[in-house]
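Structure, as structure tokens:
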Amino acid sequence: MGAVTDDEVIRKRLLIDGDGAGDDRRINVLLKSFTKWCNSTGSPEEGFTQYQRMLGTLAQCEFSMGKTLLVYDMNLREMENYEKIYTDIEQNITSAHDKISECKKEIQRAKRIRKNRQEYDALAKVIQQHPDRHETLKQLEALDKELQQLSHIKENVEDKLELRKKQFHVLLSTIQELQQTLESNNQKSVQ
């Protein structure tokens, strides 16, 4: 075995002695003093002094034991407090997770709304490039009127054209008759 280090010695003493107040040594000294006092054959004054020392050592042990009990009770209360804090922290963590998931849902909703607004704005820009319905209806009315006027003009022109065709036909017929008459007159004059 290797050499025992100072840390190991201190650790062993703390394990044996508890909080290091020397309670084990005091109890051992008290037991030795009690056995010595019981077996002593000295004077009553010496015995009384020894008895007073033992009572003092016993009071120190009782004080140390009371202190240890108070520390133990305090540690139990602290453990209960820490458990309460732990459950509070767990609840806060659960609540935070719930809030985070709620915020994620809210972010998704906000993204969807933002996307819809962007699409709406894009559609609004496209719509604004075109005239509105009232103006379009006015334009359609104007175009209908113009179309009616043009149809009327077309009918007039077609009527005139028909008339001119008839007149031209009559003219051509007349010219042919005139030519035939002239030819027949020329033939008669030649005979």
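Residue indices begin at 1 and follow the sequence shown.
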Task: Atom pair CD/CG of Gln176 and Leu171 - distance to nearest 0.5 Å - done: 10.5 Å

- [ ] Find out if a path of hydrophobic residues (ILVMFWY) with successive side-chain heavy-atom gaps under 4.5 Å connects Tyr72 to Tyr82.
- [x] no

Task: Heavy atoms from other residues, nucleotides or ligands near CZ of Arg117 exceed 12 (cutoff 6.0 Å) - done: no

TODO: Would you mind reporting whether Gln108 and Lys105 have side-chain heavy atoms less than 4.5 Å apart?
DONE: no

TODO: Nearest 0.5 Å please: distance from the NZ atom of Lys67 over to the CE atom of Met74.
DONE: 11.0 Å

Open item on the list: Could you see if Leu178 belongs to whatever hydrophobic cluster contains Leu172? Use Ile, Leu, Val, Met, Phe, Trp, Tyr and a side-chain cutoff under 4.5 Å.
Closed with: no

TODO: Say whether Val71 and Met65 are linked into one hydrophobic cluster, either directly or through other cluster members, by side-chain heavy-atom distances under 4.5 angstrom.
DONE: no

Task: Nearest-0.5 Å distance that lies between atom CG in Leu161 and atom NZ in Lys166 - done: 11.5 Å

TODO: Could you tell me the separation between the CD atom of Gln180 and the CD atom of Gln187, rounded to the nearest 0.5 Å?
DONE: 11.0 Å

Task: Side chain proximity check, Ile93 to His97, heavy atoms < 4.5 angstrom - done: yes

Task: Verify same cluster id: Ile113, Ile107 (apolar side-chain graph, 4.5 Å) - done: no

TODO: Please round to the nearest 0.5 Å and tell me the distance separating atom CD of Glu146 and atom OG of Ser151.
DONE: 10.5 Å

Open item on the list: Between the side chains of Lys138 and Glu141, is the shortest nitrogen-to-carboxylate-oxygen separation below 4.0 Å, so that they form an ion pair?
Closed with: no

Task: Side-chain donor-acceptor pair present, Gln50, Arg53, cut-off under 3.5 Å - done: no

Open item on the list: For a 4.5 angstrom cut-off between non-hydrogen side-chain atoms, does Lys115 reach Lys111?
Closed with: no

Open item on the list: Grouping I, L, V, M, F, W and Y whenever their side-chain heavy atoms are under 4.5 Å apart, do Leu58 and Tyr51 come out in a common cluster?
Closed with: yes

Open item on the list: Please check this pair: side chain of Thr174 against backbone of Val170, looking for a donor-acceptor N/O pair closer than 3.5 Å.
Closed with: yes

Open item on the list: Can you confirm whether more than 12 heavy atoms, excluding those of Glu90, are under 6.0 Å from its CD atom?
Closed with: yes

- [ ] Mind checking the CG-OG spacing from Asp88 to Ser95? Nearest 0.5 Å is all I need.
- [x] 11.5 Å

TODO: Give a yes or no answer on whether the side chain of Ser64 reaches the backbone of Gln60 with a donor-acceptor pair at less than 3.5 Å.
DONE: no

